[in-house]
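Worksheet: one structure, shown below.
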Amino acid sequence: MPRQRGAPDAPGDAPGPAAGAREAALDAYAGKRDFERTSEPPAAIPDPSAGPLTFVVQRHAASRLHYDLRLELGGVMLSWAIPRGPSADPGERRLAARVEDHPLDYAGFEGVIPAGEYGAGEVVVWDRGTYSPDEGGLLSFHDRGEAERRTRAALAEGKLSLRMRGHRMKGSWALVRTGGGRAEEGWLLLKHRDEAAGVDLGSPLDSVISDLSVDRLKAGHRPDAGLRPPPLRTAELAGARPLPSRDRGERAPMLATAREHAFSRGGWLFEPKLDGVRALARLERGEGGSLEAALTSRRGHDLSASYPLLAGELAAQPLAGAVLDGEIVATDEAGRPSFERLQRRINLADAGEIRRAAVETPVRYYAFDLLELEGYDLARVPLAERARMLSLVISPTARIRLVERIAGDGVAAYRAAVDLGFEGIVAKRSDSPYEPGRRSANWVKVKVRSSEEFVICGYVEGKGSRARTLGSLVLAEHRSSAPGSGRELRYVGRVGSGLREAQLVELRERLDALASEESPLAEIPAEARAARWARPELVCEVTFAERTGSGGLRAPVFLRMRPDRRAAEIVAAPREAVRAGPAERPDRPAASRAPGAGAAEAAAQLEGSTRASLRLAVGDVEVRLTNLDKPLWPPHEGREAVAKRDLLRYLAAAAPSLLPHLRDRPLTLTRYPDGLQGGSFYQRHWEEGRPEWVETVSLPGAGGERRVHVLCNNLATLMWLGQLAVLELHAPLGRLSPAPDAAMPAGPRGEALDALLDRPDYLLFDLDPYIYSGREPEGSEPELNRRAWAATVGVALRLRELLQAAGLASFVKTSGATGLHVHVPVVREPAFDYASVRAICQTFAEFLEIAHPGEVTLRWRTTERRGRVFLDVNQNARAKNMAAPYSPRAKPGAPVSTPLLWEELERVYPGDFTVATLPGRLRSSGDPWSGILGAKQRLSELGLQAAEGGERRGGG
DNA sequence: GTAACAG
DNA sequence: CTGTTACAACGCAAG
DNA sequence: CTTGCG
């Protein structure tokens, strides 16, 4: 690019026409740079474009770290260097030094200016967006020419007031020239007092267009050459189409299909499902040129009058016109969305009542989509782009908020949403268009409790106290009887529980008023024969456990009436699975269907190949396995070495028995990448770089920050752990979910989740013989020997008797080393945290020590345990881990911690149970512990059972 | 075994 | 590009 | 309060 020579214009005065003259405006810029050496863009001025004016703020680590604010005007970027950067606090004025104009392309520049060059150092795009002069509250986003004229005039006066629509800089800002307009270009940047004042501008990452930061650049990271900053102007969005002027086509909200389980998948975005009233917001300039907002319901009703404050704040947005999609939400005391509260406002019509309600039951509008913007239809623009544009142009206020989304990890999003008290999540394909009025498979809702809306077709009379009202409601939904034919009301079930007395009385009255001789149902099932029919007009919402194969409701409970729905809207939701698109990754549930589903297939693939690497198909996902012939356990006592392939074979065979014990327990991985002989390390956190089908949980770690823990909840993850040379599977005694004992209170899971980890779901007795064979090296632990084993078995049997006498069934397994583990599965109850459980175990242990002082010891000093079996109850503690049942052990011979029947205990020897032998044992004898998770016992009933005596359930 | 980082 | 490094951590017993 | 222990 040839450099232009000529008399430099005054900065910012670039007039626009005649290319040669225009580019003279960048002489100062070009004169300071050697474009052979720097990757900064050349001094070129493109032809004028349309749409709002843009701005950029670059964070620039030159000799001093500073920020460069650049405003687009006349084909160049007017620039200010701001040493301390913008402040959102209206009280703080930041010095801004006017510097030379930069080319427009500079706005997308990130990277490193080489040492020795002008401005050497790292540059990232810290913010970008669009701006308009806002003097007098008048915005010119829609009229570029006017925006330029006004900006130029204000610039000449030395006082610019700007409305910024950036990721960080939002609201109104001012640039004021100091020193009464002297030649010196000293300016101040300050924030006006508005809804965006005081909102934190900070963020962990510097760049708003990439994952770069000044620090990462300093550390050697470089911009991704292929990455272009996304467009800032609507016209540049792929798929944006100009709206015909005066087009005011009615829009209908896009709807989501229902799905039972959360899933994680690349290319999808996940947002909380808000329990409120769906509303489109149309913002357009009215007669006087000012912005007016109209809210419309799903059914097209005007809601603006019902929510005047929402409409008011929407109209104050810095927009020239838009259609937003969102949800009107009322919150309870805890800040959770509350439909019940919102209901108080839904049917208000009187202006006075509405004013009162606005104070008593404040609501917010959560925007999550953008259908139109400033003269363009965005329905064909991919969701991710629409969402980005939405967050750019909307300035959050007290009542107008943006729905936050996360990408990819839908299972984590679901967990988080549930913890925070949302009713579920909505998953949306990030590349999908907006499909007005359609129930699309590109949007999928996953609710905490399945709840759906049904048409009430009548009721069945009640008995006893309900004789005067009603027993149950007859529910139906519209379904088409045959493809192409019309639709009819199909019976789905009756709901009787969940109705309060007042609701019963009211419903009886309303249904009697709608009474009809004839049934509205297409077919009347036997259980609805006795119904009193009503015209199908009322709609209610019902939660239920699941749908039966024929679409019926299992365990339905009445939730609430839905006066906002019409019966005609109640159509059976398509229950199809989400179809996989070409660029998608498989989803998680496929990998985790049933415990160990696909284990046989996985084992067959391992048997069928002798290659060192294998892409193992597990369900719909692929686990990459390498170095399958690497020996992980060396040869031992005549047995062959155990290679990674053998470990994986074992894990696949044991998966159905193993996975239920690992489920929902944050694992500690014990890794031996070079086998037992090589070095080992523990790993508890795995922040990034794991396959997306590995389920994780984020828990507070040391220092308070949250760390990502791996859960082994599916076969694919188990195979992955094998690939990682995890030789031992260590898990805590607590687990994260209420299952399988479901003893935890329902309700907000926030506290419950933490509380759950605080409670073991089994008691653990660890029996370790300190009885030496005599062959051990000086000072080392005793090795496995017959005498020690016999003594350990003896103590275990005495322990079993003692527990039995207290009414507790117990289960025994080898530790995999020399000892035994005795598990007592318990129902988790609030009172029985680790401390109390440990105390209970301590009591049992002390009893055994006193009764059999020669055989049992509880001594802490290892030297004082010699000759006895050490009975350790100290493992019953939070954050302590034990080798899981069926976990291999990092000991010579590849032993496995093997569940046993009490009856076989005296006939077996731990050395017989290895990675090589266990699959055969499982095939021929099954899993002795298969019933353990169903054999949970209530510690709170311990005394009772003791009084009755005897073992309630057959242990082991 | 894997990824991030340093050289 | 290759080489190096990190990859856990808590509470109790006992002196 | 430190160290040993799992």
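Order of the sequence lines sets the chain letters (A, B, ...), proteins ahead of strands, with each chain counted from 1.
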Side-chain N or O of [X] closer than 4.0 Å to phosphate OP1/OP2 of [N]:
{"X": "A:Lys630", "N": "B:dG1", "value": "yes"}
{"X": "A:Arg624", "N": "B:dT2", "value": "no"}
{"X": "A:Gln875", "N": "D:dC5", "value": "no"}
{"X": "A:Lys644", "N": "B:dG1", "value": "yes"}
{"X": "A:Thr862", "N": "D:dG4", "value": "no"}

Looking at [Y] and [X], is any side-chain nitrogen of the basic one under 4.0 Å from a carboxylate oxygen of the acidic one?
{"X": "A:Lys644", "Y": "A:Asp629", "result": "no"}
{"X": "A:Arg649", "Y": "A:Asp646", "result": "yes"}
{"X": "A:Asp761", "Y": "A:Arg665", "result": "yes"}

Item to check | A:Lys936 side chain reached by A:Val826 side chain, heavy atoms, under 4.5 Å | outcome: no
Next on the checklist: When you compare the side chain of A:Leu614 with that of A:Leu606, does any pair of heavy atoms fall below 4.5 Å?
Outcome noted: yes
Would you indicate what [X] reaches in the nucleic acid, counting non-hydrogen atoms under 4.0 angstrom: base, sugar-phosphate, or nothing?
{"X": "A:Asp674", "value": "nothing"}
{"X": "A:Arg838", "value": "sugar-phosphate"}
{"X": "A:Asn627", "value": "sugar-phosphate"}
{"X": "A:His709", "value": "nothing"}
{"X": "A:Arg859", "value": "nothing"}

From [options], nucleotide with atom closest to [X] side chain:
{"X": "A:Leu724", "options": "B:dC5, C:dA8, B:dG1", "value": "B:dG1"}
{"X": "A:His685", "options": "D:dC5, C:dA9, D:dG6", "value": "C:dA9"}
{"X": "A:Asn874", "options": "C:dC12, B:dA6, B:dG1", "value": "C:dC12"}
{"X": "A:Trp860", "options": "D:dC5, D:dG6, B:dG1", "value": "D:dC5"}
{"X": "A:Phe870", "options": "B:dT2, D:dG6, C:dA8", "value": "D:dG6"}

Next on the checklist: Using atom P in both nucleotides, what's the gap between B:dA3 and C:dA8 to the nearest angstrom?
Outcome noted: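 Going atom to atom, P in each nucleotide, I get 16 Å.
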Item to check | Spacing of the P atoms in C:dC7 and D:dG6 (rounded, Å) | outcome: 25 Å
